[in-house]
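Shown next, in structure tokens, is the structure this report addresses.
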Amino acid sequence: MTFWLIKSEPTAFSIADLANSKNKTTCWDGVRNYQARNFMRDDMKLGDVAFFYHSSCEPAGIVGIVEIVREAYPDDTALDKHNKHFDAKSDPKSPRWFMVDVKLKRKLKRTISLAELRQYEQRALKDLLLLRKGNRLSIMPITKQQWDFILSIE
DNA sequence: GCCAACGTTGGC
DNA sequence: GCCAACGTTGGC
């Protein structure tokens, strides 16, 4: 089982939006970065869990926990001309972009902000990809140790 | 709104 | 294959 962190800008799709979705489940579409896609397509498995992270907002931070309830399948928004994530170079016969379905397990009792996570960047969260300088990855694996530690400070 | 950091594109 | 130009991300 792998642990993950997935980012979303709450103005685009927030934890509240997920809570209000049917079955508290949504398809995680719109990922247009190869590294993030590869993680999702190749390594995200049914039953894996992920932290839901709000980016580009105040405060940015971890706000909830989701579970992967469907493994990777083609992201058809790439083929939809009217979708903002349309990709003219994506070939329907050989899909370039993928998505998974995630279901809300629970909201955290409080937001664990980026600033708070940074307090541990020399120690328990030393290797957390999120804290690496210039990191822009929207889907990243985290270790069980990091997962457990973050939950312990909730 | 700014801008550093990064990924992608495309000319050569 | 190199790398400049460009677009995007995301914290501040």
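Just so it is clear: chains get the letters A, B, ... in the order the sequence lines come, proteins before strands, and each one is counted from 1.
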* Asked: If we ignore angles and hydrogens, is there a donor and acceptor under 3.5 Å between the side chains of A:Ser14 and A:Asp17?
  -> yes
Side-chain polar contacts of residues 2-11 of chain A - donor-acceptor pairs under 3.5 angstrom, sequence neighbours left out - could you list them?
residue: A:Trp4; atom: NE1; partner: A:Asp48; partner atom: OD2; Å: 3.0
residue: A:Lys7; atom: NZ; partner: A:Leu137; partner atom: O; Å: 3.1
residue: A:Ser8; atom: OG; partner: A:Phe13; partner atom: O; Å: 2.6

When you compare the protein's N or O atoms with those of nucleotides 9-12 of chain C, which come within less than 3.5 Å of each other, and at what distance?
residue: C:dG10; atom: OP1; partner: A:Lys7; partner atom: NZ; Å: 2.8
residue: C:dG10; atom: OP1; partner: A:Arg136; partner atom: O; Å: 2.9
residue: C:dG11; atom: OP1; partner: A:Tyr53; partner atom: OH; Å: 2.8
residue: C:dG11; atom: OP2; partner: A:Ser56; partner atom: N; Å: 2.9

* Structure fact -> side-chain contact (heavy atoms from CB on, under 4.5 Å) filter on A:Tyr73, not counting sequence neighbours, yields A:Cys27, A:Arg70, A:Met99, A:Asp101
* Asked: To the nearest angstrom, how far is A:Met140 atom CE from B:dG7 atom C1'?
  -> 15 Å
* Rounded distance in Å - CG (A:Leu131) to P (B:dA5) -> 16 Å
* **Residues forming a side-chain contact (heavy atoms from CB on, under 4.5 Å) with A:Asp148, sequence neighbours excluded** => A:Lys144
* Who pairs with A:Arg32 by salt bridge (charged side-chain N to carboxylate O under 4.0 Å, His left out), at least two apart in sequence or on another chain? -> A:Asp75
Under 3.5 Å, side-chain donor or acceptor atoms of residues 119-127 of chain A against the rest of the protein: list the pairs with distances, not counting sequence neighbours.
residue: A:Glu121; atom: OE1; partner: A:Arg118; partner atom: NH1; Å: 3.4

* To do: Round to a whole Å and report the spacing from CG of A:Leu129 to P of B:dA5.
  => 18 Å
* salt bridge (charged side-chain N to carboxylate O under 4.0 Å, His left out) contacts touching residues 105-115 of chain A (sequence neighbours left out) -> A:Arg106-A:Glu154, A:Arg110-A:Glu116
* Looking at residues at least two apart in the chain, or sitting in another chain, which of them share a salt bridge (charged side-chain N to carboxylate O under 4.0 Å, His left out) with A:Glu67? -> none
List, with names and distances, any nitrogen or oxygen atoms from the protein found under 3.5 Å away from nitrogen or oxygen atoms belonging to nucleotides 1-4 of chain B.
none

